[in-house]
Number of protein chains: 4
Amino acid sequence: MTPNPGRQAGRPRSAEKREAILAATLALLTAQGYVRTTLDQVAARAGVSKSTVHLRWKTKADLVSAALAAQRVGDHVAPLTGDARADLVTRLAAFATFLDDVRGMRLIGTCLAEEEHHPELLALMRERTVGPRRALFREALEQQPGLAADPEDVVSALIGSYFADYYAGRTTGDRNAWAVRVVDLLLGGALRR
Amino acid sequence: MTPNPGRQAGRPRSAEKREAILAATLALLTAQGYVRTTLDQVAARAGVSKSTVHLRWKTKADLVSAALAAQRVGDHVAPLTGDARADLVTRLAAFATFLDDVRGMRLIGTCLAEEEHHPELLALMRERTVGPRRALFREALEQQPGLAADPEDVVSALIGSYFADYYAGRTTGDRNAWAVRVVDLLLGGALRR
Amino acid sequence: MTPNPGRQAGRPRSAEKREAILAATLALLTAQGYVRTTLDQVAARAGVSKSTVHLRWKTKADLVSAALAAQRVGDHVAPLTGDARADLVTRLAAFATFLDDVRGMRLIGTCLAEEEHHPELLALMRERTVGPRRALFREALEQQPGLAADPEDVVSALIGSYFADYYAGRTTGDRNAWAVRVVDLLLGGALRR
Amino acid sequence: MTPNPGRQAGRPRSAEKREAILAATLALLTAQGYVRTTLDQVAARAGVSKSTVHLRWKTKADLVSAALAAQRVGDHVAPLTGDARADLVTRLAAFATFLDDVRGMRLIGTCLAEEEHHPELLALMRERTVGPRRALFREALEQQPGLAADPEDVVSALIGSYFADYYAGRTTGDRNAWAVRVVDLLLGGALRR
DNA sequence: CATGAATGAGACTTCATTCAT
DNA sequence: CATGAATGAAGTCTCATTCAT
């Protein structure tokens with residue numbers, strides 16, 4: 001009575017479509033935020049019908065969650081060199097460049113704005129993106145001998161410098177020089193010794 | 001500016017309604033973000049009709065801009081004491097407490113998320129809120145002799161620490177202790193001397 | 001603060017539109033049943049926008065309930081003459097003619113079919129239509145001296161004869177002759193005396 | 001007609017699935033009506049895929065027609081005893097009990113409601129269900145000597161009493177006592193002799 | 001034969017905005 | 001000035017049906 005459980009019956013789901021849908025969702029999400037992103041847009045951009053989207057994800061929230069969860073962090077991370085200061089600079093510059101490129105602050109903004117209606121979005125970002133990213137900084141930081149501060153505080157100050165600059169509209173052309181300044185500030189402090 | 005309360009002629013209650021509408025708008029904006037906030041909700045919360053809202057602001061974007069512009073920063077700011085470290089701690093703790101109380105990150109998130117469709121919202125926040133707030137920190141910081149770093153970088157790291165903590169879901173009960181840690185980290189650096 | 005409670009502020013709701021919407025709803029309901037009747041159809045037939053419908057009735061079920069509740073029974077009822085047999089014939093013929101004209105069995109069918117999802121429809125029909133209609137027959141019947149049967153049973157057999165004929169596809173051209181036959185059957189019984 | 005159960009070749013399980021699908025269709029039809037019954041529900045309840053349903057019946061209307069046509073009436077009919085009154089009571093009570101049990105009025109309601117879009121449903125009911133059922137009553141009635149009324153009128157009044165009671169919400173616990181009352185009313189008439 | 005994927009048409013509902021009173 | 005009616009555009013989700021495996 002039950003169909004052969006070892007073989008998949010029927011037509012298999014297209015993996016390309018899945019990827020296309022998730023990519024389209026993430027792009028639109030970043031550009032317009034959760035509420036403005038419509039399933040029509042997603043379907044059109046992914047080149048599938050709206051119903052195909054609904055076939056795989058029951059609701060819009062499900063789709064968006066899947067798109068966020070499919071994000072990857074840590075591809076192409078430069079390996080540690082043993083020099084904490086240099087590694088922090090490298091990773092901070094890479095982080096800033098990445099967020100610049102993907103307009104990351106808009107996506108982050110959406111998750112913050114939707115915290116009331118869809119707390120799972122922020123939760124997903126924390127789990128899949130924030131956590132791994134912070135771990136990269138912690139890892140680099142732990143190479144540093146004589147660290148006297150709470151590493152999490154340092155990580156927050158590093159990452160937060162990007163956020164606050166963006167929010168204030170401070171633009172920075174050279175991400176490397178910026179990263180050097182921020183890391184030096186955090187490691188050495190603001191005061192002349 | 002306020003209509004003479006003893007007279008009947010002119011436009012009675014006009015200013016009250018204006019305030020009520022703007023306050024309702026800001027509250028809803030913070031709770032739900034731009035797109036989810038409807039004019040019906042605003043009108044209901046302000047105790048006026050939807051048309052009354054449209055009478056004063058032509059579009060929803062205008063209304064929201066007005067609500068953001070009406071925000072005030074710097075009420076009840078503690079005066080400087082001459083002790084940069086202490087003043088920074090005071091102001092940072094006040095800043096964090098304020099954002100905690102008004103769920104500020106949601107409003108900020110909305111402005112970031114809407115940057116594509118309504119860049120004026122983020123611009124307004126920068127002009128009316130971010131700028132004045134950063135000035136408070138700069139002012140306190142400039143009391144500090146022997147400052148070797150770019151003050152704007154320090155301000156971004158201070159403010160950004162709040163942002164990054166929030167985004168990461170790091171919760172902090174005692175805002176004062178937290179501010180002490182962050183200010184010490186920024187002024188003294190992460191390394192043992 | 002509260003607007004003058006004695007006068008209606010703003011534009012009054014058009015009574016014509018209300019009537020048109022309810023009439024359109026009832027007509028479509030009769031022709032197609034609950035589920036097939038769409039708000040687009042209702043709006044188009046009533047000559048209003050869909051939103052106008054929603055302004056007055058929050059949901060489709062509300063609208064349909066209102067349309068059913070607005071039905072009237074007992075307009076143009078012939079007054080009693082004192083002759084029970086004659087009055088029953090008159091009223092039964094009128095009843096059958098009315099149901100023939102308005103395709104009443106379809107509307108009844110819809111309410112029966114929707115009993116699971118929308119029991120309020122059947123309940124409304126019972127309260128507004130069935131009850132008053134049965135009362136007309138009871139009233140006529142009670143004039144009859146020497147009534148030995150339960151009047152409600154007699155009413156059910158009279159009315160039910162129409163239902164069963166319709167369901168069986170028995171067509172009857174002359175509603176008066178049919179009513180005479182049914183009333184005689186019920187009053188006198190099927191057996192030769 | 002049924003495939004040889006001892007063989008593997010041909011179309012195994014085909015008949016079982018057919019029965020399961022038709023039974024599921026009828027059950028859902030009764031519970032929800034035509035329009036609300038979806039092929040997904042039918043397939044799920046029958047334990048087959050939606051495509052398997054379409055493989056056998058081209059459209060939803062075809063499937064529903066088949067399900068209605070597959071209904072049987074007259075199983076377990078008590079044989080006639082020669083006593084018309086007693087046989088009518090037996091059969092009327094059985095009829096009422098059956099409709100009570102299978103929620104027959106909802107299915108009937110659906111066919112009435114769909115008369116516009118799918119007249120074949122009502123036609124099928126008349127042919128397969130109404131006709132045979134009425135024949136059972138006629139058969140019992142024809143045993144009665146001295147019958148002065150049109151037998152079809154009597155049958156309609158008997159059956160219709162059930163319909164009208166249901167439509168009016170008159171509930172009856174003891175179906176036998178109810179049948180006695182109705183048959184007596186029809187045979188003897190409502191008047192005291 | 002049987003399954004599951006894919007789709008186009010359509011339904012209900014929401015909302016910013018414009019009118020009429 | 002202020003209100004409530006009226007509306008057009010749009011959004012999410014459902015479903016019968018057709019394809020591909």
Side-chain angles (χ1 to χ4, degrees), chain A residues 3-4 7-14 17-18 35-43 47-63, chain B residues 9-14 17 35-43 48-63, chain C residues 3-4 7-14 17-18 35-43 47-63, chain D residues 9-14 17 35-43 48-63:
Chain A
N4 185 339
R7 196 93 36 100
Q8 287 288 71
R11 173 175 175 184
R13 243 169 230 196
S14 157
K17 290 191 174 170
R18 185 193 145 85
V35 191
R36 282 193 202 278
T37 296
T38 75
L39 295 185
D40 267 306
Q41 294 170 334
V42 169
V48 301
S49 78
K50 237 186 314 182
S51 306
T52 297
V53 178
H54 267 99
L55 178 64
R56 293 160 192 244
W57 298 278
K58 217 171 183 180
T59 68
K60 180 181 176 182
D62 283 349
L63 168 64
Chain B
R11 5 181 131 130
R13 288 173 310 177
S14 205
K17 286 189 179 174
V35 191
R36 282 193 201 279
T37 295
T38 73
L39 294 187
D40 270 305
Q41 294 171 333
V42 170
V48 301
S49 75
K50 227 189 328 182
S51 300
T52 298
V53 178
H54 268 287
L55 211 58
R56 290 156 202 248
W57 296 277
K58 205 170 188 183
T59 69
K60 181 182 176 180
D62 285 348
L63 168 64
Chain C
N4 185 340
R7 197 94 37 100
Q8 286 289 70
R11 175 176 173 181
R13 244 169 231 195
S14 157
K17 290 191 175 172
R18 184 194 145 86
V35 191
R36 282 194 204 279
T37 297
T38 74
L39 295 184
D40 266 305
Q41 293 170 334
V42 170
V48 301
S49 78
K50 236 187 314 181
S51 306
T52 297
V53 178
H54 267 99
L55 177 64
R56 292 158 195 245
W57 298 278
K58 219 173 181 179
T59 68
K60 180 181 175 182
D62 284 348
L63 169 63
Chain D
R11 6 181 131 132
R13 287 175 310 180
S14 205
K17 286 189 178 173
V35 192
R36 282 193 202 278
T37 296
T38 73
L39 294 187
D40 270 306
Q41 293 171 333
V42 170
V48 301
S49 75
K50 227 189 327 181
S51 300
T52 297
V53 178
H54 267 287
L55 212 57
R56 291 155 201 251
W57 296 278
K58 205 169 186 181
T59 68
K60 180 182 176 180
D62 285 347
L63 168 64

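In what follows, every chain begins at residue 1, and chains take the letters A, B, ... in the order their sequences are listed.
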* To do: Of all the heavy-atom pairs spanning D/A43 and D/S49, show the shortest one and how long it is.
  =>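 Heavy-atom minimum between the residues: CB-C, 3.8 Å.
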* Test for a donor-acceptor pair under 3.5 Å between the base of F/dT17 and the side chain of D/K50, counting only N and O atoms. =>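 Answer is yes: a donor-acceptor pair is held.
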* How long is the span from the CG atom in D/L63 to the CH2 atom in D/W57, to the nearest 0.5 Å? ->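 Answer rounded to 0.5 Å: 6.0 Å.
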What is the distance, rounded to the nearest whole Å, between atom [atom1] of [X] and atom [atom2] of [N]?
X     : N      : atom1 : atom2 : value
C/W57 : F/dA5  : CH2   : C1'   : 13 Å
B/L39 : E/dA16 : CG    : P     : 4 Å
A/D40 : E/dG10 : CG    : P     : 15 Å
C/K58 : E/dC12 : NZ    : P     : 17 Å
A/K17 : F/dT21 : NZ    : P     : 10 Å
D/H54 : F/dC15 : NE2   : P     : 13 Å
C/Q41 : E/dG10 : CD    : P     : 11 Å
C/R11 : F/dG4  : CZ    : P     : 14 Å

Both distances below 3.5 Å, Watson-Crick or wobble geometry, any strand: find the nucleotide opposite [N].
N      : value
F/dA9  : E/dT14
F/dT14 : E/dA9
F/dT21 : E/dA2

Please determine if a side-chain N or O atom of [X] lies less than 4.0 Å away from the OP1 or OP2 oxygen of [N].
X     : N     : answer
A/R13 : E/dA5 : yes
B/S51 : F/dT3 : no
A/R56 : E/dA6 : yes

* Along DNA chain E (nearest heavy atom to each residue), the more 5'-positioned of A/L55 and B/R36 ->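 Looking at DNA chain E, the more 5' nearest nucleotide goes with A/L55.
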* Nearest-nucleotide 5' precedence on DNA chain E, D/T52 against B/A61 ->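 It is D/T52 whose nearest nucleotide is closer to the 5' end.
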Which listed nucleotide ([options]) is nearest to the side chain of [X]?
X     : options               : answer
C/K60 : E/dA5, E/dT13, F/dA16 : E/dT13
A/S49 : E/dT7, F/dA20, F/dT12 : E/dT7
B/T59 : E/dT17, F/dG4, F/dC1  : E/dT17

* Applying side chain to side chain contact (heavy atoms under 4.5 Å, CB included), run through C/L39 and C/H54 and close with a yes or a no. => CA-CA 9 Å; C/L39 295 184; C/H54 267 99; 3.2 Å; yes
* Less than 4.5 Å apart, any side-chain heavy atom of A/R13 and any of A/R18? ->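 No, every pair of side-chain atoms sits at 4.5 Å or beyond.
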* Asked: Within the distance-only criterion (no hydrogens, no angle test), does the side chain of D/K17 pair as donor or acceptor with the backbone N or O of D/T52 below 3.5 angstrom?
  ->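 Checking the backbone N and O of D/T52 against the side chain of D/K17, no donor-acceptor pair under 3.5 Å is found.
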* **N/O donor-acceptor pair under 3.5 Å between D/K50 side chain and D/V42 backbone** =>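 Looks like no, no N/O pair under 3.5 Å.
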* To do: With DNA chain F as reference, determine whether B/V48 or A/V35 sits nearer its 5' end, using the nearest nucleotide of each.
  =>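 Closest to the 5' end, via its nearest nucleotide, is B/V48.
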* Asked: Which part of the nucleic acid does A/T38 contact within heavy-atom distance under 4.0 Å: base, sugar-phosphate only, or nothing?
  ->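 Answer is sugar-phosphate: A/T38 comes under 4.0 Å of backbone atoms only.
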